[in-house]
Amino acid sequence: MSSTRGGSRQRRNSLTSARKPANSPASSTASVSVAALDGQVSPVSSFGKSRTDLFSFESGHVAETDSDGCKENVTVTVRFRPLSPREIRQGEEIAWYADGETIVRSENNPSVAYAYDKVFGPTTTTRHVYDVAAQHVVSGAMEGVNGTIFAYGVTSSGKTHTMHGDQRSPGIIPLAVKDAFSIIQETPNREFLLRVSYLEIYNEVVNDLLNPAGQNLRIREDLQGTFVEGIKEEVVLSPAHALSLIAAGEEHRHVGSTNFNLLSSRSHTIFTLTIESSPCGDSCEGEAVTFSQLNLIDLAGSESSRAETTGVRRKEGSYINKSLLTLGTVISKLTEGKATHVPFRDSKLTRLLQSSLSGQGRVSLICTVTPSSSNAEETHNTLKFAHRAKRIEIQASQNKIIDEKSLIKKYQNEIKRLKDELDHLKRGIVSGTPLKDSRGDDIVLLKQKLEDGNVKLQSRLEQEEEAKAALLARIQRLTKLILVSTKATQPTRIPQRPGPRRRHSFGEEELAYLPYKRRDMIIESESSEFTVPIEGCETGEDSSKEEKRNRKPGLLNWFKLRKRDSGATTLTSSDGDKSSVSKSFTAPSTPQAESINFPIDVRISNSVVGESITADLLDVRPDTELPSGHLSSEETPATSVKTMDQVDLMREQLKILSGEVALQTSVLKRLTEEASNSPRKEQIQVEIRKISNEIKAKRQQMSSLERQMVESISDTHSKADKLDLSPSYSQLVEQLNEKLFELEVKTADNRIIQDQLQQKTKECEGLQEMLSLLKEQLAQALEKEASYQNPIQEEMQLDKEKSPTKAGSVDFLQEANLASEVEELKQKIVELTKVKSQLETRNQKLSEESTYAKGLASAAGVELKALSEEVTKLMHQNEKLTAELASLKSTPQRRLSNGPTKGSRRDHSNHHHVRRHEPMNSRKDHSINHEREMLLENTIAEKEMREMELQKKVEESKQREAFLENELANMWVHVAKLKKNQGVDEHDLETKL
Ligand SMILES: Nc1ncnc2c1ncn2[C@@H]1O[C@H](COP(=O)(O)OP(=O)(O)OP(=O)(O)O)[C@@H](O)[C@H]1O
């Protein structure tokens with residue numbers, strides 16, 4: 001084993017140093033394992049050599065490195081966090097420190113030191129950590145090499161700070177997402193398809209964070225490795241889109257407070273970005289697709305026995321410790337070099353990491369540590385773990401997959417097939433059907449045949465137009481999912497990378513889900529106490545001007561305007577800017593899965609995209625051929641389908657806007673709270689005003705969207721009227737949308753109320769503490785009084801016996817003293833009564849708020865019931881329509897069979913005339929009926945689709961309701977507890993008084 005390692009060392013070093021870009025700060029180990037021993041520092045030999053550039057999409061290049069058997073090690077870095085304000089207050093000392101760029105040394109015993117690829121001091125910014133420890137893994141993943149980045153460390157050492165970060169200093173996950181999209185932009189010769197999933201392992205149970213219904217999921221294995229069965233994967237179209245999904249996922253993550261960290265992660269999370277890419281253009285057909293996964297992992301922190309946890313927290317802690325212990329054992333076994341059994345299966349975490357740790361992907365382990373003396377032992381354990389992990393060898397190689405397994409290929413083939421179909425249709429329309437039997441000598445017969453042919457052709461044309469419109473819509477839907485650079489495609493297939501490092505900037509709300517400032521600062525409100533500069537300052541300065549110009553606020557950032565110039569549907573605007581569209585699309589859970597959920601929800605229309613929808617980095621394929629006139633030809637029979645598409649889009653927009661409003665409302669709430677006790681009051685007020693204005697604008701946008709929806713729906717409605725279709729359908733859809741929207745707003749309200757409730761509970765706890773303090777004081781005062789009174793009374797008795805006059809004056813003095821003490825006591829009682837009444841008012845408020853929340857939940861329940869009734873109604877209508885259609889279908893047949901009999905019984909003098917014109921009339925009738933049938937069929941199909949959608953939504957609402965009820969129940973338990981505590985306190989107080 002060691003000789004192999006040694007053998008590969010020389011080869012690798014020469015290879016990497018030959019290719020190392022002069023200014024590349026990125027790193028991968030590409031080195032031998034670090035043989036750092038306690039007391040014997042052995043610096044990492046070749047840190048800083050980038051292997052990123054070893055991979056390019058040029059075929060042969062990777063094969064060359066692969067066949068070379070080139071191995072690299074896991075990149076291991078250590079990040080120190082600064083001492084927290086609490087640690088400083090407690091007078092803790094530095095136990096471990098960064099000695100230079102690669103060594104961690106013990107303060108108490110300087111001979112104990114460890115070397116790593118890189119050691120980051122407490123003032124290092126997360127961006128720098130990203131550049132060094134993560135960027136090469138991300139770029140590798142974009143080139144088809146699996147990648148895993150994870151943060152490991154004891155609780156409160158800075159894992160979440162490193163992986164997620166805060167708004168001023170975004171963590172590795174947001175930076176990696178942004179970087180992935182930048183790489184797509186800089187790779188004009190390839191097409192990409194990105195999907196994300198987000199899961200947590202909580203108490204050894206795998207939960208889907210993107211789908212609250214996906215609980216306790218199973219881990220399965222196939223040839224490509226382990227995967228989670230049934231996990232939801234969403235195709236993402238922009239960084240903001242991906243980040244909004246993380247934000248949604250974070251809502252469901254288990255976080256709790258421990259005595260080390262008020263916001264401690266109680267579960268391990270894995271955010272996976274699945275990347276498929278293939279060369280652009282038809283000439284590259286048949287080339288394999290690269291497929292890779294980038295896992296970004298935020299582990300829960302190991303807990304020391306010092307943690308005074310109880311109940312739930314203890315159970316969580318034991319699961320966390322057990323899985324981390326298994327991780328340690330797995331890493332030890334992997335580095336032993338013997339073919340021993342590696343216990344991957346002993347924990348869910350190691351099972352999921354199995355492919356990463358033993359496979360061919362790049363791994364970067366960022367160990368977070370605290371320098372504080374109170375954690376010296378835990379830090380030492382982390383350092384030893386990191387040191388062991390450093391010896392794991394990996395053999396990074398590009399993954400290529402065969403066509404059928406690739407979703408991007410599937411989409412590309414589907415697009416190609418649809419395009420062929422479209423061409424075929426177009427050719428059919430142009431050539432038409434020749435009138436073969438036009439040889440007749442009778443000129444009248446010939447004319448009649450010509451007329452017949454015309455009618456036939458007309459109806460066929462219309463049918464084909466419809467089919468074309470449907471095909472086009474489908475091509476567009478698929479095309480929108482594939483991401484390509486907006487840069488002109490380079491003739492060369494070698495990716496062009498810019499010299500200097502890319503810098504990421506984030507839209508204002510892209511990081512809205514992250515805390516505004518560092519967690520400890522929020523918790524302790526002691527920002528001034530910190531001894532290190534806040535790293536958040538990095539964002540503004542680093543961004544280039546260009547990026548600033550392009551920076552767009554809002555989650556809608558990922559929506560882009562599709563221009564429709566004078567009816568022509570084109571993806572490139574007149575000024576050369578390309579536009580893009582977006583949607584949320586649930587892809588199959590594994591690349592192999594066959595079913596794809598069509599139709600997709602969102603399509604784009606100029607009329608409904610508001611001001612906030614702006615251009616983003618990426619674009620839809622510019623090479624899509626979309627013949628002009630199709631989507632704007634309002635007169636085609638497909639208009640109603642398109643109108644429904646627009647309504648769909650508007651509804652999606654409405655949903656996104658309402659989500660944004662809810663998000664901004666909670667930001668507003670947070671800011672308002674902050675404003676009351678922050679020295680930056682004015683700055684926060686400005687922000688509050690800005691956000692309020694934005695909310696107002698969004699609400700206006702929402703009401704205009706609602707109006708447009710109503711108009712569009714009433715348009716469809718009138719068309720349906722003409723066809724004798726049930727008019728109530730569109731109204732129902734409209735009502736349903738309104739109700740769904742209301743439900744969403746109410747859910748957001750509920751969330752805010754819950755926050756307030758928590759806040760109030762905290763206040764209540766504070767007041768209770770104060771109350772018990774006062775009670776103690778009162779008890780002490782009463783005791784004191786009793787102890788005063790006994791000796792005085794005895795003395796008085798004695799004095800009275802000795803001298804009755806003196807006794808009288810002493811009596812008077814004692815009485816005065818007593819009176820003043822009684823006065824004091826009375827005052828205290830008044831104070832206590834005040835506090836008691838304050839507590840009662842708060843309690844009253846709390847129960848009112850709980851009642852309101854309960855009301856909301858029951859309103860949601862009622863609405864849900866109404867929705868289900870509406871769905872049932874719709875189903876009935878559908879059945880009616882189907883019956884109508886069946887009767888319509890049978891009518892022309894009857895007519896056809898009755899026609900000639902009737903004609904023969906009629907006036908004989910008109911015989912010729914009838915014979916000449918009747919077939920034509922019946923044909924016209926037939927074609928009209930056919931047309932009508934088609935429309936009816938379309939409408940029914942559409943309705944069925946809607947029905948399915950509605951049912952899905954009802955299901956979702958039910959789940960949400962259940963969730964709300966659960967929350968409410970929790971709240972009630974909480975309130976009951978509070979009341980009970982308060983009751984006991986009051987009782988105590990009363991008995992004492
Ligand atoms: N590099 C850093 N610079 C400044 N503050 C930091 C840094 N790392 C962590 N912190 C602060 O330390 C505290 C604990 O960090 P964090 O919550 O990220 O720890 P953790 O390891 O994820 O804890 P747990 O395992 O309990 O979830 C937070 O208040 C965070 O803001």
Side-chain angles (χ1 to χ4, degrees), residues 77-89 92 97-98 118-130 132-133 150-174 200-202 250 253-269 296-304 306-307 309 313-314 316-317 319-321 323-324 327 349 365-372 374-375 378-379 381-382 385 514-538:
T77 49
V78 174
R79 185 183 196 189
F80 275 93
R81 74 154 163 77
L83 284 177
S84 73
R86 192 174 70 162
E87 289 164 344
I88 294 171
R89 258 205 318 272
E92 300 212 356
Y97 66 97
K118 187 90 174 173
V119 178
F120 305 107
T123 54
T124 314
T125 62
T126 306
R127 194 184 291 284
H128 183 62
V129 175
Y130 175 82
V132 175
F150 61 109
Y152 177 96
V154 293
T155 183
S156 191
S157 58
K159 295 179 295 298
T160 307
H161 179 83
T162 300
M163 292 311 286
H164 286 276
D166 53 52
Q167 285 188 34
R168 292 195 285 172
S169 167
I172 303 279
I173 296 179
E200 71 166 358
I201 306 172
Y202 176 68
E250 280 296 297
R253 184 181 186 181
H254 283 88
V255 175
S257 111
T258 62
N259 54 345
F260 285 100
N261 192 351
L262 275 183
L263 289 170
S264 178
S265 312
R266 310 310 294 160
S267 61
H268 309 300
T269 60
L296 303 172
I297 303 169
D298 180 17
L299 296 177
S302 54
E303 265 160 31
S304 73
R306 289 184 296 120
T309 47
R313 294 279 168 273
R314 182 179 296 159
E316 289 167 350
Y319 275 114
I320 294 170
N321 283 350
S323 61
L324 292 174
L327 180 65
L349 176 68
L365 168 66
I366 304 169
C367 287
T368 53
V369 292
T370 150
S372 88
S374 63
N375 281 307
E378 286 90 349
T379 303
N381 286 339
T382 304
F385 171 87
L514 293 174
Y516 176 64
K517 44 187 175 177
R518 278 201 326 249
R519 290 190 194 188
D520 49 353
M521 290 181 148
I522 297 166
I523 295 159
E524 306 249 352
S525 306
E526 286 176 7
S527 50
S528 54
E529 279 187 38
F530 248 90
T531 47
V532 289
I534 299 163
E535 69 180 73
C537 313
E538 68 200 66

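Remember, it's 1-based here, ligands and their atoms both numbered in the order they're listed. We count residues from 1, following the sequence as given.
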Mind running side-chain hydrogen bond (donor to acceptor under 3.5 Å, both in side chains) on Thr269 and Asp298 for me, showing each step along the way?
CA-CA 5 Å; Thr269 60; Asp298 180 17; 4.5 Å; no
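- One option in Glu87, Arg79, Arg81 has a heavy atom closer to atom 12 (O) of ligand 1 than any other, and that option is Arg81.
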Using the side-chain contact (heavy atoms from CB on, under 4.5 Å) rule, take Thr370 and Thr379 through it: C-alpha gap first, then chi angles, then the decisive distance, then the call.
CA-CA 7 Å; Thr370 150; Thr379 303; 4.3 Å; yes
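- The ligand atoms of ligand 1 that sit less than 4.0 angstrom from a heavy atom of Gly301 are 25 (O).
- Using a non-hydrogen distance threshold of 4.0 Å, Ser84 does not register as a contact of ligand 1.
- By the 4.5 Å heavy-atom criterion applied to side chains, Leu349 and Leu299 are counted as neighbours.
- Residues that satisfy the ring pair (Phe, Tyr, Trp, His ring centres under 6.0 Å) test with Phe120, not counting sequence neighbours, are His128.
- Of the listed options Leu299, Thr125, Thr155, Thr155 places a heavy atom closest to atom 24 (P) of ligand 1.
- The nearest pair of heavy atoms linking Lys159 to Val154 is NZ-O, 3.0 Å.
- Only the side chain of Pro82 comes within 4.0 Å of ligand 1, judged by heavy-atom distances.
- Of all the heavy atoms in Ser267 and Glu200, the pair that sits closest is OG-OE1, 2.7 Å.
- Checking only distances, Gly158 does come within under 3.5 Å of ligand 1, N or O to N or O.
- Partners of Glu87 according to the salt bridge (charged side-chain N to carboxylate O under 4.0 Å, His left out) rule, which considers only residues two or more places apart in sequence or in another chain, are Arg81.
- Nearest-heavy-atom check against atom 22 (O) of ligand 1 across Thr123, Thr126, Thr160 picks out Thr160.
- Of all the heavy atoms of Val154, the ones lying under 4.0 Å from any atom of ligand 1 belong exclusively to the backbone.
- Not a single heavy atom of Met163 sits closer than 4.0 Å to an atom of ligand 1.
- At a 3.5 angstrom cut-off on N or O pairs, Ala300 does not count as close to ligand 1.
- Considering backbone and side-chain atoms together, Lys159 places an N or O closer than 3.5 Å to an N or O of ligand 1.
- At least one N/O-N/O distance between Ser156 and ligand 1 falls below 3.5 Å.
- Taking 4.5 Å as the limit, every side-chain heavy atom of Thr125 sits out of range of all side-chain heavy atoms of Ser169.
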